[in-house]
Amino acid sequence: MVGVPMTPQLARKLGESYAHRLAHCVPWSSAMKWTPELNLQAATYKVRELWPGLAASDAPVHLLEPGQFVDSPGGRFRYCVRLQRRGKPLLTWWGNQVGTVVFDGDVIIPALYQAPEDPSDPRPWNDAPWMSLTPAELMTLRPGTRMAKGHTIIAGLGLGHQLIEVAKRLPVKRVTVVELDRELADWIMPVIEPHLRKKVDVIIGDAYEVIPKLRGDVALIDIFPGYGDGFQRVDALRRASPGIKKFWGWGTSEMTGTNQR
Ligand SMILES: C[S@@+](CC[C@H](N)C(=O)[O-])C[C@H]1O[C@@H](n2cnc3c(N)ncnc32)[C@H](O)[C@@H]1O
């Protein structure tokens, strides 16, 4: 909204709308349907903290202080816990729709950042996290997780959220993770190990090269920086991978109009 002039009437209406939303918050459920306005009770938004006990902060990621982050041993990844303040809208998306979520109290959002690969890039961390446990991320990964069965292949480890959820599913017998970055996998896998209920193999490599050589029941692809920009690449992977029965890519099922799951 920076730079957009607002009349006093509009500002009042907006204020009333948020007050109404905050007064009508409902408990979060990982199964709830996406709507453009999600109003959630903060106390019910329980997320998995990989390094419990870090102090949450809404300061820029490069200005965090000791005790507010954990960096990977090689220093290329940072795990931290973002502080999402009461009433501050957070973006959500579903297919080609956008919306917001507000919480009626402060909540914490674990997130994973990577340093830019380009050494001439002056930014210490990429602006967008690889993964953050926002309602939008949790809801848009859900359709893929619900497809998982038999031997499921997951491309893109991130914070291991989808891996943990997939491994909980009864129809899933084993999981293979394909992750590009060894530093990330060596750092995150031992931390999520206690949460994994199935045998998990990890292959370090580029999903575009590794996946066509694999056999499996379902491949879940979440290796894209932006929501919905992997449509054609998932389709190309599907065509190049005769040994895998079903494919899902982050954002693709909502884009094709598949019903909410
Ligand atoms: C959006 S995150 C995945 C988040 C994950 N779904 C979760 O639930 O935490 C993307 C991950 O894909 C990995 N990645 C990016 N490009 C890749 C590629 N070509 N092949 C394999 N992994 C890749 C990144 O290193 C990162 O770990």
Side-chain angles (χ1 to χ4, degrees), residues 14-58 68 79-113 128-148 154 156-170 172 188 191-192 194-197 220 222 227-228 248 250-251 253-255 258-261:
L14 211 58
E16 283 169 4
S17 155
Y18 276 107
H20 180 82
R21 288 182 64 174
L22 286 174
H24 292 84
C25 286
V26 298
W28 159 254
S29 147
S30 60
M32 76 195 305
K33 278 199 167 192
W34 183 88
T35 61
E37 287 192 358
L38 287 167
N39 310 319
L40 299 178
Q41 291 171 3
T44 64
Y45 195 69
K46 304 277 182 221
V47 284
R48 190 181 303 108
E49 292 178 78
L50 294 190
W51 281 271
L54 289 183
S57 169
D58 56 1
Q68 296 180 327
Y79 169 89
C80 54
V81 179
R82 312 306 292 148
L83 178 61
Q84 179 66 28
R85 303 262 183 201
R86 174 183 189 273
K88 186 174 176 195
L90 182 61
L91 207 61
T92 64
W93 357 262
W94 187 270
N96 59 6
Q97 303 173 77
V98 288
T100 53
V101 53
V102 290
F103 294 95
D104 65 359
D106 294 352
V107 298
I108 58 164
I109 311 270
L112 172 74
Y113 289 82
W130 260 131
M131 179 65 185
S132 55
L133 301 186
T134 61
E137 305 250 14
L138 303 187
M139 289 176 134
T140 51
L141 286 167
R142 199 171 59 195
T145 303
R146 288 181 176 168
M147 276 173 61
I154 294 179
L157 174 64
L159 284 177
H161 167 75
Q162 190 166 40
L163 170 59
I164 293 167
E165 296 305 315
V166 160
K168 282 181 190 165
R169 284 175 55 81
L170 281 179
V172 172
I188 293 286
V191 179
I192 62 172
H195 302 284
L196 296 176
R197 300 211 190 133
L220 309 176
D222 179 17
Y227 179 69
W248 169 91
W250 184 48
S253 48
E254 301 92 274
M255 301 283 168
T258 308
N259 284 339
Q260 279 210 32
R261 301 192 63 214

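These values consider heavy atoms only, across backbone and side chains, with no hydrogens, waters or symmetry-generated copies. These numbers were taken from a predicted model, which means no experiment stands behind them.
Arg21 pairs by the salt bridge (Lys or Arg N to Asp or Glu O under 4.0 Å) definition with Glu37, not counting sequence neighbours. With sequence neighbours left out, His20 forms a ring pair (Phe, Tyr, Trp, His ring centres under 6.0 Å) with His24. By the side-chain contact (heavy atoms from CB on, under 4.5 Å) test, Ala23 pairs with no residue at all, sequence neighbours left out. Applying the side chain to side chain donor-acceptor pair (under 3.5 Å) criterion to Trp28, with sequence neighbours excluded, gives no partner residue. With sequence neighbours excluded, the residues forming a side chain to side chain donor-acceptor pair (under 3.5 Å) with Arg85 are Asp58, listed by chain and number. Applying the side-chain contact (heavy atoms from CB on, under 4.5 Å) test to Arg86 and every residue at least two apart in sequence or in another chain returns Leu22, Asp106. Residues that satisfy the side-chain contact (heavy atoms from CB on, under 4.5 Å) test with Pro194, not counting sequence neighbours, are absent from this structure. With sequence neighbours excluded, the residues forming a side chain to side chain donor-acceptor pair (under 3.5 Å) with Gln162 are Thr145, listed by chain and number. With sequence neighbours excluded, the residues forming a side-chain contact (heavy atoms from CB on, under 4.5 Å) with Thr140 are Trp93, Trp94, Tyr227, Trp250, Glu254, listed by chain and number. Looking at residues two or more places apart in sequence or on another chain, you find no side chain to side chain donor-acceptor pair (under 3.5 Å) involving Thr134.
Judged purely by atom type and a 3.5 angstrom limit, Arg169 uses its side chain to pair as donor or acceptor with the backbone of Ala148.
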What pairs of donor and acceptor atoms, side-chain ones from residues 48-56 against any protein atom, are under 3.5 angstrom apart with sequence neighbours left out?
| from | atom 1 | to | atom 2 | distance (Å) |
| --- | --- | --- | --- | --- |
| Arg48 | NH2 | Glu165 | OE2 | 2.7 |

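Partner Ser132 forms a side-chain contact (heavy atoms from CB on, under 4.5 Å) with one of His161, Glu137, Arg82 and no other, that one being Glu137.
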